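Below: the structure, in structure tokens.
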Amino acid sequence: MKKDIAAVIREMLEESIGKVACERGVSLQEKPQVDIERARRDGQGDWATNVAMQWAKTFREKPVVIAKEIVSRLPENPLIDKVEVAGPGFINFFLSGSWMSGIIGQILEKKENYGRVDMGRGRKVQVEFVSANPTGPLHVGHGRGAAVGDICARILAFAGWNVEREYYINDAGLQMEILGRSTQARYFEVCGCPEKAPFPEDGYKGDYIYGLARDILTAEGERFLDKPLEETLLFFTGYAGEVILDGIKKDLSDFDVAFDVWFSEKSLYDGVRVPKMIETLKKNGFAFDAEGATWFKATAFSDDKDRVLIRSNGVPTYFASDIAYHKDKYDRGFAMVIDVWGADHHGYIPRMKAAVQALGRNEADLQILLIQFVNLLRGGQQVSMSTRSGEFVTLREVIDEVGVSATRYFFAMRRSDSHLDFDLDLAKSASTDNPVFYVQYAHARIHSIFREAASRGVAVPDPSRADLSLLREPEETALIKRLSAFTEEVEKAAGDLAPHRIVYYAYDLAGDFHSFYNSHRVLGVEPGIESARLLLSEASRIVLANALSLLGISAPEQM
RNA sequence: GCGCUUGUAGCUCAGUUGGAUAGAGCAACGGACUUCUAAUCCGUAGGUCGCGGGUUCGAAUCCUGCCAAGCGCGCCA
């Protein structure tokens with residue numbers, strides 16, 4: 001495999017620093033730590049390092065002097081045009097035309113695999129996300145979690161992880177019972193005798209509950225009316241939960257979000273898993289009995305109080321089932337588990353991380369991605385939401401209104417832990433303001449070039465025959481450098497679980513292409529340049545498509 | 001009261017494992033289509049990086065105090 005340019009420069013520097021140290025009679029205890037990074041602005045080369053400043057102390061010399069010594073001892077390399085010392089002692093590397101030609105060559109060769117890295121080394125990772133209670137349809141808040149979780153999964157897979165997506169169905173407990181009672185009450189209401197089954201105080205007031213009730217009436221008739229409520233509750237709960245879950249599955253699938261596993265909370269209460277989990281904790285010394293209850297010693301880690309596992313009435317807490325659930329995840333062989341949670345659960349993080357460690361795992365084996373709330377705006381006004389009151393905008397409505405691609409883009413465009421303003425009017429506007437179209441348009445434009453080329457009888461050139469060193473214009477080199485940065489962006493996005501990095505990257509790449517397109521013609525110029533620009537366009541198209549594919553956004557050929 | 005997150009241009013936000021002159025988009029203003037899609041491009045203007053201290057060659061970034069906003073602090077789920 002070809003070494004990336006950063007590694008090449010690093011080796012050159014290590015070699016040179018070794019020489020400097022030797023000549024100065026300083027013995028290096030260890031291999032010098034060399035950090036290199038992309039230069040931030042024009043005139044500072046393509047890559048830069050601050051090693052001279054870091055080594056100045058060791059060598060008892062000014063950084064600038066050290067920098068010059070290092071530079072003068074650097075080995076020659078055809079990928080690098082020149083090296084400069086600048087500012088307080090930065091060493092700037094300017095890449096050569098042959099390096100840039102190499103990048104285009106790599107992209108054209110690797111195609112949809114360009115940008116893949118192997119951070120995961122094939123290890124198993126689970127991303128658990130959405131996991132909304134099946135008590136109502138998904139709303140926009142869930143949508144953000146769905147988009148972010150799904151895109152993280154795509155990025156991790158692209159970064160060499162073996163990814164599995166999971167949805168945890170909260171199908172046990174009080175919320176389901178309330179759902180059942182709400183449905184039951186609406187059924188009686190629809191049948192004309194609301195007084196027989198009063199609507200629960202904290203019931204679900206959404207219109208969809210009436211829909212369920214009417215469906216039950218149609219399918220089952222009035223046969224539940226004269227039976228005791230407690231006897232028929234199970235039916236209502238089961239029916240409502242199942243229909244709602246089916247709706248959720250449909251919504252997600254229409255949102256291009258696919259799950260490998262739908263994990264039922266009920267399955268944890270098999271009388272075995274929770275006791276076994278507690279046994280493990282006790283064995284590890286992190287569970288104890290007190291005040292008639294069983295406790296988890298969360299304070300042994302970074303939580304601020306111990307937590308109850310089994311209440312004094314013998315019923316396990318939700319937390320206990322959650323630990324059992326996470327134990328099950330690790331038992332399934334995941335090297336890393338990622339939970340995507342709503343930001344309102346942040347208080348739960350310390351105890352969950354503590355529990356994972358008490359099970360004998362490293363803290364880093366559980367990554368929790370918090371998703372902040374979504375502010376939905378329509379006509380500049382905030383749309384208020386609450387599942388309980390039934391006042392909410394569903395994910396389905398948003399998808400229907402603005403489309404899957406725009407919805408995914410808007411959900412992923414901000415850092416997950418910052419609040420998100422989702423402007424419905426902007427998202428569906430087919431205007432210059434809409435960033436989704438801006439990116440897609442760049443892709444469509446490239447296709448349009450190739451359509452025109454075909455109609456003119458211009459064939460797509462063979463990369464090995466073309467002279468890519470003809471690409472010397474500033475807009476061309478800027479574009480090539482952007483293309484070369486894709487791999488690093490994938491690494492950063494995967495390492496930080498930060499989908500928005502890919503969004504920004506795609507946007508910037510589209511911008512670089514638009515600039516190039518506006519200042520230079522691809523077709524009808526001198527044949528050598530035409531060939532080189534066609535290949536540059538094709539490389540841009542590939543990387544745009546790869547980035548959009550990570551985001552789950554369509555890459556249209558025509559707009 | 002304690003804890004978590006956030007605070008960067010008029011607005012919405014990047015940048016935060018310490019680096020050089022803090023970047024985009026929108027809004028404002030001025031330009032570019034007889035030529036591959038103007039859903040585009042180019043330019044101008046806009047900043048005490050919430051406030052104060054500290055750490056150092058260097059701080060939006062690290063530490064600390066304060067201010068503001070959101071969220072959370074149950075033998076609920």
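The chains referred to below are lettered A, B, ... by the order of the sequence lines, with proteins before strands, and numbering in each begins at 1. All values derive from a computational prediction rather than experimental measurement.
Proximity of the aromatic rings of A:Tyr167 and A:Phe129 is defined here by a centroid distance below 6.0 angstrom, and this criterion is not met. Taking the six-membered ring for Trp, A:Phe288 and A:Phe296 have ring centres at least 6.0 Å apart. Side-chain rings of A:His443 and A:Phe513 stay apart, their centers remaining 6.0 Å or farther from each other.
Atom OH in A:Tyr441 sits about 7 Å away from atom P in B:U40, given to the nearest Å. For A:Lys492 and B:A14, the NZ to C1' distance is 12 Å, given to the nearest whole Å. At whole-Å resolution of the value, CZ in A:Arg415 and C1' in B:U12 are 14 Å apart. If you take CG of A:Asp344 and C1' of B:A77, they are 12 Å apart, rounded to a whole angstrom. Atom CD1 of A:Ile349 is separated from atom C1' of B:C71 by 12 Å (rounded to the nearest Å). The separation between A:Arg521 atom CZ and B:U40 atom P is 19 Å, rounded to whole Å. Here the P atom of nucleotide B:C75 and the CZ atom of A:Phe288 are 12 Å apart, to the nearest Å. Distance A:Asp496 CG to B:U16 P: 8 Å, rounded to the nearest Å.
The same atom, P, is picked in B:G15 and in B:C71; the two are 24 Å apart, to the nearest Å. Taking atom P on both B:U8 and B:U61, the two are 14 Å apart, rounded to the nearest angstrom. Between the P atoms of B:G3 and B:U64, the separation comes to 11 Å (whole Å).
The residue A:Asp417 sits close only to the backbone: its heavy atoms come under 4.0 Å of sugar-phosphate atoms, none of a base. Residue contacts shown for A:His520 include a base, since a base heavy atom lies under 4.0 Å away. Within the 4.0 angstrom heavy-atom criterion, no nucleotide atom of any strand lies near A:Phe450. Within 4.0 Å (heavy atoms only), A:Ala39 reaches no atom of the nucleic acid at all. Residue contacts shown for A:Tyr348 include a base, since a base heavy atom lies under 4.0 Å away. In this structure, A:Ala48 reaches the bases: a heavy-atom distance under 4.0 Å links it to at least one base atom across the strands shown. Residue A:Glu37 is out of contact with every strand shown, counting any heavy-atom pair closer than 4.0 Å. Nucleic acid contact for A:Glu291: base, since at least one base atom lies under 4.0 Å from a heavy atom of the residue. At the heavy-atom level, A:Ala453 lies nowhere under 4.0 Å from the strands shown.
Applying the side chain to side chain donor-acceptor pair (under 3.5 Å) test to A:Glu401 and every residue at least two apart in sequence or in another chain returns A:Arg378, A:Lys428. Shown here are the ring-ring contact (aromatic ring centres under 6.0 Å, His included) partners of A:Phe422, two or more places apart in sequence or in another chain: A:Phe410, A:Phe411. In terms of the side chain to side chain donor-acceptor pair (under 3.5 Å) criterion, residue partners of A:Gln440 (sequence neighbours excluded) are, by chain and number, A:Ser554. With sequence neighbours excluded, the residues that form a side chain to side chain contact (heavy atoms under 4.5 Å, CB included) with A:Ala494 are A:Met119, A:Ile155, A:Leu156, A:Ala159. Every residue meeting the side chain to side chain donor-acceptor pair (under 3.5 Å) condition with A:Arg38, not counting sequence neighbours, appears here in chain and number order: A:Ser484, A:Glu488. Qualifying ring-ring contact (aromatic ring centres under 6.0 Å, His included) partners for A:Phe263, counting only residues two or more places apart in sequence or in other chains: A:Tyr325. Under the rule for a side chain to side chain donor-acceptor pair (under 3.5 Å), the partners of A:Glu84 that lie at least two apart in sequence or sit in another chain are A:Lys82.
In this entry the base of B:C57 is anti relative to its sugar, with a glycosidic angle more than 90° from 0.
Between A:His500 and B:G15 there is a side-chain N or O to OP1 or OP2 distance below 4.0 Å. Within the 4.0 Å cut-off from OP1 or OP2 of B:C76, at least one side-chain nitrogen or oxygen of A:Arg311 is found. Taking 4.0 angstrom as the limit, A:Thr49 places none of its side-chain polar atoms (N or O) nearer than this to OP1 or OP2 of B:G19. Checking the phosphate oxygens (OP1, OP2) of B:A39, no side-chain nitrogen or oxygen of A:Arg445 falls inside 4.0 Å.
Near-neighbour residues of RNA chain B inside residues 474-485 of chain A, defined by a heavy atom below 4.0 Å, are absent. Annotation: proximity of residues 298-308 of chain A to RNA chain B (heavy atom, distance under 4.0 Å) is found for A:Lys305, A:Val308, numbered in ascending order.
Picking from B:C36, B:U40, B:A20 the nucleotide with the shortest atom distance to the side chain of A:Leu523 gives B:C36. Taking the side chain of A:Gln372 as heavy atoms from C-beta on, and the options B:U40, B:C13, B:U5, the nearest nucleotide is B:U5. For A:Ser515, taking side-chain heavy atoms from C-beta onward, the closest of the listed nucleotides B:C42, B:U40, B:C13 is B:C42. Considering only side-chain atoms of A:Phe373, the nucleotide from B:C41, B:C71, B:C75 that sits closest is B:C71. If you check B:U40, B:C75, B:C36 against the side chain of A:Asn518, the one that comes closest is B:U40. Relative to the side chain of A:Arg456, the nucleotides B:A39, B:U35, B:G25 differ in distance, and B:U35 lies closest.
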Please tabulate, for the side chains in residues 313-321 of chain A, all donor-acceptor contacts under 3.5 angstrom to protein atoms that are two or more places apart in sequence or on a different chain.
| unit_1 | atom_1 | unit_2 | atom_2 | d |
| --- | --- | --- | --- | --- |
| A:Asn313 | OD1 | A:Val315 | N | 2.9 |
| A:Thr317 | OG1 | A:Val308 | O | 3.0 |
| A:Thr317 | OG1 | A:Leu309 | O | 3.3 |
| A:Thr317 | OG1 | A:Phe319 | N | 3.4 |
| A:Thr317 | OG1 | A:Ala320 | N | 3.2 |
| A:Tyr318 | OH | A:Asn170 | OD1 | 2.8 |
| A:Ser321 | OG | A:Tyr269 | OH | 3.2 |
| A:Ser321 | OG | A:Tyr318 | O | 2.7 |

Practice prompt. Go through A:Glu530 and A:Arg533 one step at a time and tell me if the salt bridge (Lys or Arg N to Asp or Glu O under 4.0 Å) criterion holds.
Written response: CA-CA 5 Å; A:Glu530 182 183 77; A:Arg533 287 185 181 160; over 6 Å; no
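For A:Ala510 and A:Ala86, each mapped to the nucleotide of RNA chain B holding its nearest heavy atom, the one lying further toward the 5' end belongs to A:Ala86.
Legend: salt bridge (charged side-chain N to carboxylate O under 4.0 Å, His left out) pairs involving residues 290-300 of chain A, not counting sequence neighbours: none detected.
Taking 4.0 Å as the cut-off between side-chain N and carboxylate O, A:Lys329 and A:Asp339 count as a salt-bridged pair.
Taking a pair as Watson-Crick or G-U wobble with both distances under 3.5 Å, the runs of three or more consecutive pairs in RNA chain B are B:1-7 with B:67-73, B:10-13 with B:23-26, B:28-32 with B:40-44, B:50-54 with B:62-66.
Here A:Tyr504 does not count as stacked on B:A14, because the ring centres are not under 5.5 angstrom apart with planes under 30°.
With hydrogens and angles left out, the side chain of A:Asn92 and the base of B:A20 share a donor-acceptor pair within 3.5 Å. In this model, a side-chain donor or acceptor of A:Ser312 finds a partner on the base of B:C75 within 3.5 Å. No hydrogens or angles were tested; on distance alone, a donor-acceptor pair under 3.5 Å links the side chain of A:His346 to the base of B:G3.
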